[in-house]
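A quick note: this is a predicted structure, and the numbers were derived from the prediction, not measured.
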Amino acid sequence: MSLITVLISLLGAFLTFLLAKHDKIGAIRASAILSIIAYLAFSVAELNSELYGTLFFGGTFIGMSAPKRFGIYTLCSASIMFSLLFYYFVPLIKSYGGALGLSAFISVCICHLAILFGAPRSKKHLE
């Protein structure tokens with residue numbers, strides 16, 4: 001677990017959040033387009049494209065669920081939680097796919113439950 005993994009997760013969430021606001025693109029296309037670009041960028045940079053591409057893709061899950069429910073602070077919190085949970089679930093689940101979905105789901109659920117129980121919401125959304 002390093003700062004770069006948290007930043008990659010945040011980048012995936014925020015870029016998807018912003019791109020998904022366009023009517024003709026939507027959340028699913030935004031996630032797909034950005035994930036392909038990120039994977040290619042990691043491959044060209046000769047980084048661990050499998051791991052970093054997966055983290056970015058998981059971050060896009062957070063960004064896809066956020067446009068109607070979350071603001072920037074909640075989006076940031078969910079992304080950080082995702083990157084932490086992902087590293088704890090990978091050894092337990094033995095595959096990136098299961099750890100990816102479970103980590104994203106739990107982090108979004110925790111943030112949503114916190115809001116329901118009275119945690120302050122972000123007042124401003126990214127435009």
Side-chain angles (χ1 to χ4, degrees):
M1 177 70 189
S2 66
L3 181 61
I4 190 76
T5 59
V6 173
L7 292 175
I8 289 171
S9 172
L10 284 166
L11 186 65
F14 277 99
L15 290 176
T16 304
F17 182 80
L18 293 171
L19 193 58
K21 289 186 174 203
H22 296 284
D23 290 334
K24 294 183 179 181
I25 296 177
I28 296 170
R29 285 189 185 124
S31 172
I33 291 166
L34 291 170
S35 295
I36 291 169
I37 292 170
Y39 183 81
L40 291 173
F42 294 135
S43 294
V44 168
E46 295 182 3
L47 297 171
N48 186 350
S49 56
E50 183 180 352
L51 174 64
Y52 292 150
T54 303
L55 277 165
F56 186 91
F57 185 51
T60 67
F61 285 6
I62 306 297
M64 286 185 347
S65 62
K68 303 283 185 204
R69 292 184 178 94
F70 294 167
I72 54 174
Y73 303 123
T74 315
L75 183 67
C76 185
S77 300
S79 297
I80 292 169
M81 268 191 274
F82 163 76
S83 61
L84 293 171
L85 290 172
F86 180 76
Y87 271 98
Y88 288 110
F89 285 137
V90 166
L92 297 174
I93 298 178
K94 306 276 191 233
S95 70
Y96 283 142
L100 181 74
L102 185 61
S103 301
F105 176 75
I106 289 174
S107 61
V108 168
C109 282
I110 289 171
C111 287
H112 188 67
L113 286 172
I115 289 170
L116 290 176
F117 286 122
R121 292 187 84 158
S122 303
K123 300 228 189 287
K124 294 185 180 181
H125 298 281
L126 293 175
E127 295 300 323

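Taking all atoms of both residues into account, the shortest heavy-atom contact from Lys24 to Arg29 is O-NH1, 3.1 Å. In terms of heavy atoms, Ile25 sits closest to Ala30 at CG2-N, 3.7 Å. Across Gly63 and Leu75, no two heavy atoms sit closer than the pair CA-CD1, 4.1 Å. Ser107 and Met81 get closest at one heavy-atom pair: CB-CB, 3.7 Å.
The structure places OG of Ser49 at 4.0 Å from OH of Tyr39, a figure rounded to the nearest 0.5 Å. Within the model, atoms CD1 of Ile4 and OG of Ser83 stand 11.5 Å from one another, a figure rounded to the nearest 0.5 Å. Between the CD1 atom of Ile8 and the OG1 atom of Thr54 there is a distance of 10.5 Å, given to the nearest 0.5 Å. Put simply, CG on Leu84 and CD1 on Ile106 are 12.5 Å apart, with the number rounded to the nearest 0.5 Å. Atoms CD1 and CD1, from Ile62 and Ile80 in turn, are 11.0 Å apart once rounded to the nearest 0.5 Å.
In this structure, the side chain of Ser103 does not engage the main chain of Leu100 through any donor-acceptor pair within 3.5 Å. The backbone N or O of Ser79 sits less than 3.5 Å from a side-chain atom of Ser9, completing a donor-acceptor pair. Within the 3.5 Å criterion, the main-chain N or O of Ala13 finds no donor-acceptor partner in the side chain of Thr16. Looking at Thr5, its side chain does come within 3.5 Å of a backbone N or O of Ser2 through a donor-acceptor pair.
Here Thr60 pairs with Ser31 under the side chain to side chain donor-acceptor pair (under 3.5 Å) rule; sequence neighbours left out. The ring-ring contact (aromatic ring centres under 6.0 Å, His included) check on Tyr52 picks up Phe42, with sequence neighbours excluded. By the ring-ring contact (aromatic ring centres under 6.0 Å, His included) test, Phe57 is found to be paired with Phe61, residues two or more places apart in sequence or in another chain being considered.
Here Leu40 sits in one hydrophobic cluster together with Ile36; the rule is ILVMFWY side chains under 4.5 Å apart, joined directly or through other members. The hydrophobic cluster of Ile28 has no other members, since no ILVMFWY side-chain heavy atom comes under 4.5 Å of it. Clustering of Ile, Leu, Val, Met, Phe, Trp and Tyr side chains at separations under 4.5 Å places Ile37 together with Ile33.
By the 4.5 Å heavy-atom criterion applied to side chains, Ile110 and Phe82 are not counted as neighbours.
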**side chain to side chain contact (heavy atoms under 4.5 Å, CB included) evaluation trace for Phe86 with Leu51** = CA-CA 11 Å; Phe86 180 76; Leu51 174 64; 4.0 Å; yes
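Ring pair Phe14/Phe17 is perpendicular by interplanar angle, where above 60° counts as perpendicular and below 30° as parallel.
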